[in-house]
Every structure is written in structure tokens, then in C-alpha cells.
Amino acid sequence: MAPGLVETAAVSEKPVSLAALTESYDDTLRFYLNGTKIELDSIDPEITLLEYLRGVGLTGTKLGCAEGGCGACTVVISQLNPTTGKIYHASVNACLAPLVSVDGKHVITVEGIGNSSRPHPTQQRIAMASGSQCGFCTPGIVMSLYALLRNNGPEPDEHEVEEAFDGNLCRCTGYRPILDAAQSFNKKCGKSITNGGSGCCMENGGSCAGSTGAVQLNGENNGAVDRDLKFTPPSFVHYDKDTELIFPPALHKHNFQPLALGNKRKKWYRPVTLQQLLEIKHAFPKAKLIGGSTETQIEIRFKAMQYNASVYVGDIAELRQYKFEDDYLEVGGNVALTDLENICDQAVKHYGDAKAQPIKSVKKAIRYFAGRQIRNVGTPAGNLATASPISDLNPVFVSTNSVLIAKSLDKTIEIPMNTFFKSYRVTALPEDAVIAAIRVPVAAEKGHYVRTYKQSKRKDDDIAIVNACLSVAMDDSNFVKSASLVYGGMAPITVLAKNASDYLVGKNFADQDTLEGTMNALEKDFNLPFGVPGGMATYRKTLALGFFYKFFHDVLVNIAAGEKLVDKEAIPEIEREISRGQKDHDATAAYTQKVLGKANPHLAALKQCTGEAQYTDDIPLQKNELIGALVLSTKAHAKLLSVDASPALDMPGVVAWVDRHDVVTPKANWWGAPVCDEVFFAEDEVFTAGQPIGMILADTAQRALAGARAVLVKYEELPAIFTIEEAVEKQSFFEHYRYIKTGDVEKAFAECDHVFEGTARMGGQEHFYLETNAALAIPKPEDGELEIWSSTQNPTETQAYVAQVTGVQNNKIVSKVKRLGGGFGGKETRSIQLACIVATAAKKVKRPVRCMLNRDEDIMTSGQRHPFLGIWKVGVNKDGKIQALQASVFNNGGWSQDLSAAVVDRGLSHIDGCYNIPNVNVEGRICKTNTVSNSAFRGFGGPQGMFIAETYMSEVADRLGMPVEKFREVNMYEPEEPTHFHQKLEDWHVPLMWKQVWNDFGYEQKRKEVEEFNATHKWQKKGLAIIPTKFGISFTALFLNQAGALVHIYHDGSILIAHGGTEMGQGLHTKVCMIVAEALQVPLEDVHISETATNTVANTSSTAASASSDLNGYAAYNACMQINERLKPYREKFGPNATMKQLAHAAYFDRVNLSANGFYKTPEIGYVWGPNPADPSLENSGKMFFYFTQGVAASEVLIDTLTGDWTPLRTDIKMDVGRSINPAIDYGQIEGAYVQGQGLFTTEESLWHRASGQIFTRGPGAYKIPGFRDIPQEFNVSLLKDVEWKNLRTIQRSRGVGEPPLFMGSVVFFAIRDALKAARKQWGMEDVLCLRSPATPERIRNSCADPILKRCEVVPREGEMSFFVQI
């Protein structure tokens, strides 16, 4: 069906220029910002709302990704919604919103709703509930919750709360405490003040007292529902909606005028009527129409696309209407997707369930369409015009035979959606036309069935891998009259499966042959080659067939003749319950002191929740400051033939080009620890895509970025190596080689009953801290001094290398850190690169220079967790006792060594897991490849070593036919037994915790239930796993195990601490302050840490290895003991109740030193690795770790074997953290590390584009960290208690907790493997499953061994390569 002409209109023959047409348009932007009226008559047309807000000093709103995928930039825009006629408070991504879009609206930022003195209840409750760690994501999360409360009333229901954060990401907390804080507003608590009660238990400072899932009708708990919110915060601030910022009365009367503003480079137009829009399009057909800017801003930011005439169409009321006609729903092209959701609900009521099936499909497609911030601004017209082949809405519109109404100045045409998409990103929309409306037909009352499907890597806020809308219409005899099977993600456009759709017509739907024939036809429709763009050929094909299989049986349920054929278990999709969890808040009761052992909130949490906390890029603009933009290699391995910066230097605002010639000496360009093997600026050759070549300096960030893109680089490409397997084949290794040997492996292999071999393979992991690397260098006028502010875990090494590149001694450089927006090891060494480049630039121009990397640049330059390959051989007896382990371990170091040596070493030291193996021979090598230089990441090789251990445990148990849980128990270390590196396990509590978790989880009963479920469910399977962990605490480099601290007492009794550790959300400053407050017997509020700086505490170690509380806490304690000794006479004189103000005042006047420099070094440690040519007899001797942090986790998962979708049903974790300094901090670390670990082993897959050699998974659009709806539905965490720690000689007898719980995330991986075993067994596949990590939906689906998978398997032709590379 061709586009049909509906009406024409007379148009003046005389062409009108855009300038003449818009000459009378207003040029002033008018809006309110946090209650204050703003008028702007000149704006930079290229800046976003985020850039404007940060430019005027409202730095609480953060830049996390610049693509609307993380929510860190969330603000609320209140407006009179033209669709509903009501005020709506829209959470939006300020990083995408054009400034012109806020005219006539009220912009509310995190600073506008409260401050640390008078916080808004959302801010206060998240802070008190430990819902903020690093704090960089927190303002955006606060604003999403704020928007929910403003729109849904003061007491939203639990489903609204659970789904409120689908556009926000957090890398630190594990989400549970944020959800707990948000659920405290839930209207289901009958005792809450908002519900007229005397006060919710939590509002009154207690914990929720209701019973799970049921209302208690007796006594105190009347009306309370327990969501297991078991934290016990101080009293929550009462929420009264009447105290909120009002919608400014002036905006009720705001007269929307057409706007034209900008400059010669770019102009914005904002028409307010459809006629004005059509006139603009007629005068300038190439004008770019902007609705939500969710696609366009990404094109501008990351693809360097330029639109010199942009038209904002969001304020045209005519395009935001809808109407219910007899046989279709008409929706204005610019109706916001959030409004469309509500319109769909109304339409279902209007038309009834049967007729509204196409509209219900639209609603379902929107449900998982991006996050709420995107749905608040995104529109159907924008979705259609961008013509994405994986759009969630487009298959629905095509399959339902919807009709698009396109208007231009002279005519209106109807375009059937099945003719709209022409080729990749090309449509049938005339250039001078706009999408005015979309008409979605209703279904027939009988015999018409429409369903929509989607599968992605992550449930919420994720683009589809494959989606579909499948529709059939049948006569009364169940013969198909018409069929429309439409798919996204299977071709360059949204595509009709023509063979399958044609085949269905005339067939009896209730016939098994119809299913088989359609599946055959689908195979012809989607005969994807192995190297198909986007990869995943087998998986995508199985999804196409799997969706139809689900659809077929879903329809059969509705036809009487289909009852015998129907496979009901194929129909349901995995749906989550409201998540919940418990913590044991009495764990520290036995040893709680005045300050220590108490669950104090993170000291900076409230400042982080109010946007007052300052990060590196929040530091105010310096006088004469320049902004730097990196020029990075685009080739994986190449000679640099020429670099020409002159085109950039000719551009306005560009000041200088900085490269290797600006480093003080050629030698100073080289860096790296412990091996100096990489350069700050590329010299004659580049070794990875993303290697810095130089930096452009300009007066604004936009000009610097434009300048960097103008630099001309010519390459001569060279062969590149990407994967571990390629490196092993080509013997491409760094020199480092280590081994651990104990016992006689060969003898054990010869004497044991069985010898099994296998491989364990796991991918890397992007750090994805929310704050990307940032640095600010401020040169001083004297002696070459320079101050460097950097988002780094390693101020001292930053200081040393900045001194090197600027040619001065270390004492001329002051390296400072206020706080980090997350680090996780990624800012231990890799942050130094940016700091030194910025410092070199500042020295050259003698002006301050700032640079904050965008997410793409950060991922390309900063390195990841190391991918590992373990080739293992295990000897075992019939009773299940392991006798020997031999393993060759390889990690992918990337192009330079960085910390790869220590990472592979730790992998070797943790390859025993928690199992006693008497004979061990393990060796490790580092592969040299042309990928980003991989670096430290939380766990530092430990998780990789333990993953190899649990892989061989699982596979050997399967080969023995023994339950893996029993196999683990049989081989588990007992107290005092030595590891393979000869260290006795003191205070060993893993066996005890194993029993406790086993019993608390009800593991034995749960196993029976899972087996019953799997026996009765064909397409959904459950799996169980229980996994132990031990993690050695100490830097493996002996000299790093030291720390210093400086404690000052002022004579007003206040205390200032400086120590060598950096605060990155882990609560280090909070713990150190608590240690000092307890040691000096003062209130916690009297103790303060300002920043970390190398001129207060020198020669510090990086904040890493989970040892920072041990080291810095003991150093601070040591300083306090010195001061206490000096204050002893004054305590005796003034008595036990004397305040520190009295003591310090008296001591000061007696000229007593009230400052002390504390120091601590970890005793006893010092291990000798093999090979040790100097004295081989010393190999494998000495104490490697000061102690081990331990834990056990159990998990139950559910997988959908037709799609690969999965969900964690429940996870229980118990950790031995010794005597906790602060259980609130420790619980936060455990939950956050676990969820990060779950991501490592499931959703987080790094991919390289084979053709370009560049990393593909660069931002939240392609790289999937877990979101709020990915955490366990039931998430229980507890600390080990009621034991003695006889040998633990740390501060407070606490254990390091930052890294050890991360491996607990692997429990879901092994539970998924358990479920897959059941799925495979069902289809007669009982060979041992070797599952590679991460267990993505693709890997899950491709491991199921069912007939659909087998018919869809795509085998590479000779020489054919995959589209992506997994390194």
C-alpha cells in the first residue's frame, strides 16, 4: 500500500527564507530555576541543560555518561502537560536536554529541594539508610525519588517505588539500601504519619515491625506491612507534600512564544503551533527536529554530527493530543512516552481487552523502553523518525498495520507503517514533512491475537537484542486470514518475516504442522551469517523462533481446538516480585563501644544527597583556565606517520597543542609501575586504540573537543593481537613469570583414582565508576610548583609522575583529592596518565588546565579487570578428596604491563579457593595484546583465581557424579591447615558459616523443591549454588603495607585528621574518624577529615587491597595514643568527664604539642615467590597475607530457556569481617561488592569491534552493569557473630571488607550453571558443561541444548570471523 494523499493546502509560490520567516520570533528564554525566575537573551546554542546548570554553579547535577543511560544528571522539570492539562514533574536527563526545552517550565535541581542543614525527606532518608557511598550517582537518584513523590502523592505504592529508578545506575551500594529508603514512603504502612497514624516504626527511629507480605491486625502492628526494611536509622524526616516548591504561578499564565535564538554556527527554533513548524520545514526541509533529543544529543556528542538549524517541537500542543476513534487510537506524534503509557491504560478500558490488544502491545513495549527519564521526553515520532532497527515500538506499529499521518505545508498524507522503513535509518517520510500522528488500529473482537516480545542483556533500561510484535487474525474455524510477524534486531530495518507470515495464511492455526512449517519459514527469513553485524547470530535466530513458539502456544490457549497441543509452560515470561531483604543489626552488639561498632551513616552521605559534596570537576573555575581534550589513537596497532594539529589551532578558542615534545625530557615521557614500559604521549607507534597522542587546549569544553577532532593523524596499520588465545598461540607475553609449587604433583596424579582436565575462561570487567577520570592542574608562579587535583586512589604516585613530567622535585608538587565518585582499582594507576598529561599542558601554557574524560574516553584509556584463562588438571580419589592440582594461568595484560604481574600472582594465590589440595603446581603468565592496558579492579585477580577453582570443583564433581555441595564440603579447609603457599588458616570460620548459611537458606529443602520444579517445568528451570570465599588481605608488594596519619587537636577541642587514604565511597574517612573519636573519647561530630594531600601525609600507598582501614586506621590510632599520653596529666587533673575543649585549652597554654604523626606497618608478612634464582630453597616461604576475610553465599535463580532471560530469586550472604568498626558501612560494602560481582559473572560483557580494533562496549548503552531490577528479589546479608578472633591483630580486630565479597557474586553464575544442567538433561545432553563467564542471556540460551537451539545453530564458513571479539 503506497502513501495516500489525504488533503492539500494552498501554499505561496514565493519561497521564504528561514531567517525571514522567523524574524519576528522572540529571542529570550524564560523559565524558573529552583523557584527563581531566569531570563536569558543570549545562550550558547550548543550547550545542554546540564552544562548550563554546572556553568552557573549548580554542580550537584553530575555528568556520568552523556547519553542518558546512568541517571547521574537527573533533574526535575515541572510543566503544565499539554496532553493531560495537569502539572507534571518530569525527571529528565539534563545531559540530553537542550536548554531551549525549558522555556516556560520550572527546573528543579538537587540543590533546590534541600541542603544538609534542612534536607528534603528524600535526601535525608537515603543518607540515613546508607543509600549513598561514593555519592556521585546520588543526586540523580534523589531527584528520581523526588519526582515520584511529586507525581504519585506522598505515599506511592511499592510497585511504583520499585520501578522509579529504572533510569538510574549506581556502582557502589548494590541498590538495596536505596530501595529500603524509598519504600519508607510506601503508603502500605498503616502507622505512617502520612496515613494518619502515630508514626511508622522507621519514622520513629526503629525498624519495620510488620510481618512479611501480610497486614497484622492485632496490637501495635495494626496496618503495618513488613518489606523487611531492617535498618535502624535515626528518625526519618516527616514528608509533607504541602511544603514542596510550588509550581510558579507566573508559569500558569506563561505565553509560549515562538523562539529563535543562537549564533552563526547554530540556531535553535521553537515553534509553538503546528503551522509554524510546517512553515519552518517548508522553508528549510533539512532542519533537524528535536523532541526528547535522546538520539540527537548522542549523535552530536559521540559521532561529531552537526545540525546548524535545530527545531524543538516539544511545546506544540497540537502534536501532544490523542483521541479514541471507533476503529483506531490516534496519538499525536509528540506525545511523551510516559503519557502514552497512561493513554494505553485508558484505551484498554475504552475498547476492552480483546480489541485493545495492539494498544496493550504498545504499553508493554514502552514498559521496558529505556528509563523513566527518557520516557518522559521521548516520543513516538522521534522513535519512528530515527528508524532504529531495534526500536521497541516500531515492530508494534508495523505488525498492527498502524498508519502514520505526515503533514507538510501543502499536504497531509497517510503512510502505512509496513511501507515506512526503506533501509538502515532511511524512511518514507518526505523531507519537508513532520509526523503529526500515528493511528493504531484496534483488533477484531474475535480471532485476532497480538503479542509483543523483547530480549535484552538487562531487564530495565536496555536496548533490545531482538524484539518482535506477532499478530494473526483467524476465522471461526481457526484458519489464518492474515499474519504479520514483525521483528527488530534481525535486519538493518524493522522487518516483516515474509516467508513465515505468508506461510501462515490459510493454515489451521490449531495444527502442529502449522508450528513446524512456520518455524521452517522463519529459518529462511532469518538465515543470518556467522559474522552478521551485531554478532550473536545463533542467539538472535533462536530468539526469533523462540518468540514465535511462545506466541503460538499463547494463542492456542485462547482457542478451544488448541487445548491438546498447547505447551502452557512456554508462555510465561519471568516477572519479578517486589524485592526485599534482611540484615542482622544485632551482629555487633557484643562489642559495641561508645563510637566503634555502631552503624553510623557515612559522614558525607547527607552532603552527597544534597549535592553539596565536591568532586574534582566541581572545583570552581580558575582564572585563565583552559579545558583539555585528548586526541586518541583510532588504531589498535600502527606506526604514526604524521600528526598535524594545525587545522585545530586555526579554530576559534583553541589555544595550544600538547604532545610528547612538551614533556620536560624524552625519558620523562615514560612511566609505569612496577615496570616503566608505557608513554604518556604516543611517540612513533601506537599499541592500542585509545592510546593518547596529544591534547588540545581551548577556552571551552566544546571548542576543545572540536579541536581534538580536527587534528589529522595518519597511520600505517600493523598486525594486532586481541585475545589470550591469540597471544598464547603467538607466544606474546610480558617477561613476568611466577609459580607456586608444593608437594609432588606428578606422583599424586600417578597414584590417584581419577585425573580430569579442563579450562576456565572469564572475561574482563569495566570499572564503570560513575565519575570518570578528571584532573585539574594549577601552576604556581614560584619554583615550578604545581597543585594537582585528581580523581585518584594514588596521590603519591600522581605526585611523583607529575614531578617527573614537569621536571621538578616531588616537594614542588602537591597532589590533592577531596573524594572520588568511585574507584574500584581503576584509579589506582590509570588515573596518573590523565593527571600527568594535564600537568604537562599546564606547565606549557602557564595556566590552569582541567580535563574530565567522557565515558567513551575513560573506557578507551583506563583499562579493565583482566580476562583470565586457566588450563587445569585435577587428580581426585573415589571418595572425592582432591589429591593434586596443576594449572597454567594466563591473563590479558593489554599493551603495557601496569599491575598485571601482581594480578596474576594473586590469581595463583587464590586458585585453591577454600579447598585443601596437598599437591599443587600452578604457574602464571601475562599476555601482551593490543587492547587497553588492564589494571587493578576490586579483587585484583583473586576473583579470577577463585573462579578457576570453582570451575574445576563443579566440573570434577559432575564427572564423579557427586553433588558439588558435598564435593566442596569434603575438600574444605579445616582450621589451622596450611594453604598451598604454606600459610596456616587462623581464625578460620568458613566451615561454620557454610553450616549457618546452609541452614538459614533451607538449602536441603530448597534443593528438593528445585528438583520438583525442574521435573514439572519444560522451559523454565531453577538452579541452586552455595559458594565459599577466602580473600587474603595485604598488598603483595611488601613495601606498600605502610601508612601515615596526622592528627591535630585545636584548642577549641575540635580534631582534624589527615591520612594517606582516599575516600571513594567505601567509608574509609568515616571509619578513621570513628577510630579517632573512640581513641580520644570525643563525640564523632568533633572529628573531621578535609582532604587527602601529599603535603600533609607523605609517601602514602594507594588506597587499595582492602587494607586501607587497617593501615590508615592504625596509623591514626597510633597518633592518638601519642596525644593521649601527653593529655594524661590533664585527664587526671580535670577528671573523667572533662571535655576535649577543656583538656586541649589547658594543654595549649602549657605549651603541649597537640599534633601527632602516626605510623603503622603491617607486621610479619613477606613471601618469596618462585622462581627465586638467588636462593631456590626460599621459594614458597614466608607469610603472604596478614589474614583472610571469609564468607559464604547461597543463591537460587530462575532461567527462561527459550530466551536466556533469568532472575536471581534469592541470595543469602554471611561474611566474617571480624569486629566491625561500622556495620552500616560494612553491609554497604558487602551488598555493593556482591552486585558488582554478579555483574562480572552475568551481564557485564566487554566486546571489541573486530574490523576497527576498538572497544565497542563503551557506555551504558552497550555495557550493562546491574540495575535496580537485577538484584536478588530476596537479598539477605549477615555478619558472623558469637566467635572469637584470637589471632586477628588489626585495628578493633576488624577485617578488610572492600574486595572479599565481590566473588560472592559468582554464586548466581554457578546457580545458572546448575539450572542449565537440568535444562540440558531434559534434552538428553548430560556431558559436562563448560560455561564461560559472564553467563549472559546469549550464553544461557546457547547452552540449553533444546531442539530449537539445534536448528538455529549458525556455523562459521571457512575463514568467516565473528563481528565482535571477546578478549
Side-chain angles (χ1 to χ4, degrees), residues 3 8-9 11-25 27 43-48 96-101 258-316 318-319 333-334 378-388 391 404-413 415 420-437 492-493 702 706 709:
T8 60
V11 177
S12 168
E13 296 282 324
K14 190 176 178 181
V16 180
S17 73
L18 188 56
L21 179 68
T22 59
E23 189 177 10
S24 62
Y25 282 19
D27 63 356
I43 66 165
D44 179 346
E46 295 182 87
I47 68 168
T48 60
L96 299 179
L99 193 53
V100 71
S101 67
L259 296 175
L261 32 84
N263 53 32
K264 291 179 181 178
R265 181 178 164 88
K266 181 179 177 69
K267 275 271 192 181
W268 271 104
Y269 303 94
R270 198 282 307 271
V272 293
T273 67
L274 179 56
Q275 180 67 21
Q276 290 167 354
L277 173 61
L278 299 180
E279 288 170 354
I280 291 172
K281 259 300 200 179
H282 183 72
F284 190 60
K286 291 188 182 298
K288 181 72 173 176
L289 302 191
I290 306 293
S293 197
T294 56
E295 180 88 10
T296 307
Q297 187 56 35
I298 293 170
E299 292 174 341
I300 293 168
R301 180 95 185 191
F302 297 107
K303 300 178 183 177
M305 297 183 76
Q306 295 183 3
Y307 302 104
N308 54 15
S310 294
V311 184
Y312 177 67
V313 297
D315 292 326
I316 301 172
E318 296 148 274
L319 296 179
N334 245 34
T379 65
N383 222 255
L384 291 164
T386 55
S388 168
S391 160
L404 184 148
I405 310 301
K407 284 184 178 286
S408 56
L409 194 59
D410 56 349
K411 61 182 180 290
T412 299
I413 58 173
I415 307 175
F420 184 68
F421 301 107
K422 297 301 183 185
S423 59
Y424 181 68
R425 302 280 186 175
V426 176
T427 71
L429 185 69
E431 193 176 43
D432 65 342
V434 303
I435 299 171
I493 60 171
Q702 286 90 348
R709 286 172 174 154

I need the [X] [atom1] to [Y] [atom2] distance, nearest 0.5 Å.
X: L404; Y: L384; atom1: CG; atom2: CG; result: 6.0 Å
X: Q275; Y: L409; atom1: CD; atom2: CG; result: 5.5 Å
X: R270; Y: I280; atom1: CZ; atom2: CD1; result: 10.5 Å
X: I415; Y: F421; atom1: CD1; atom2: CZ; result: 10.5 Å
X: D315; Y: T273; atom1: CG; atom2: OG1; result: 12.0 Å

Pairwise side-chain contact, [X] with [Y], heavy-atom cut-off 4.5 Å (strictly under):
X: K281; Y: V311; result: no
X: K267; Y: N308; result: no
X: L18; Y: Y269; result: yes
X: L261; Y: P45; result: no
X: W268; Y: L99; result: no

Quick one: does any side-chain atom of [X] pair with a main-chain N or O of [Y] as donor and acceptor, under 3.5 Å?
X: S423; Y: V426; value: no
X: N334; Y: V313; value: yes
X: R425; Y: T386; value: yes
X: S101; Y: P98; value: yes

| salt bridge (Lys or Arg N to Asp or Glu O under 4.0 Å) partners for R709, two or more places apart |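 Salt bridge (Lys or Arg N to Asp or Glu O under 4.0 Å) check on R709 returns nothing, list empty.
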Tell me, please, which residues at least two apart from [X] pass side-chain hydrogen bond (donor to acceptor under 3.5 Å, both in side chains).
X: E318; result: none
X: Y25; result: none
X: K266; result: S310
X: S293; result: none

| field | Minimum heavy-atom distance between E46 and R265, given as atom pair plus value | value |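 Closest heavy-atom pair between E46 and R265: OE2-NE, 2.8 Å.
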| Non-hydrogen atoms of S17 and A283 that approach each other most closely |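 Distance-wise, the nearest heavy atoms are C-CB, 4.3 Å.
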With a cut-off of 3.5 Å and sequence neighbours excluded, list every side-chain donor-acceptor pair involving residues 427-437.
residue : atom : partner : partner atom : Å
T427    : OG1  : L429    : N            : 3.3
E431    : OE2  : K286    : NZ           : 3.2

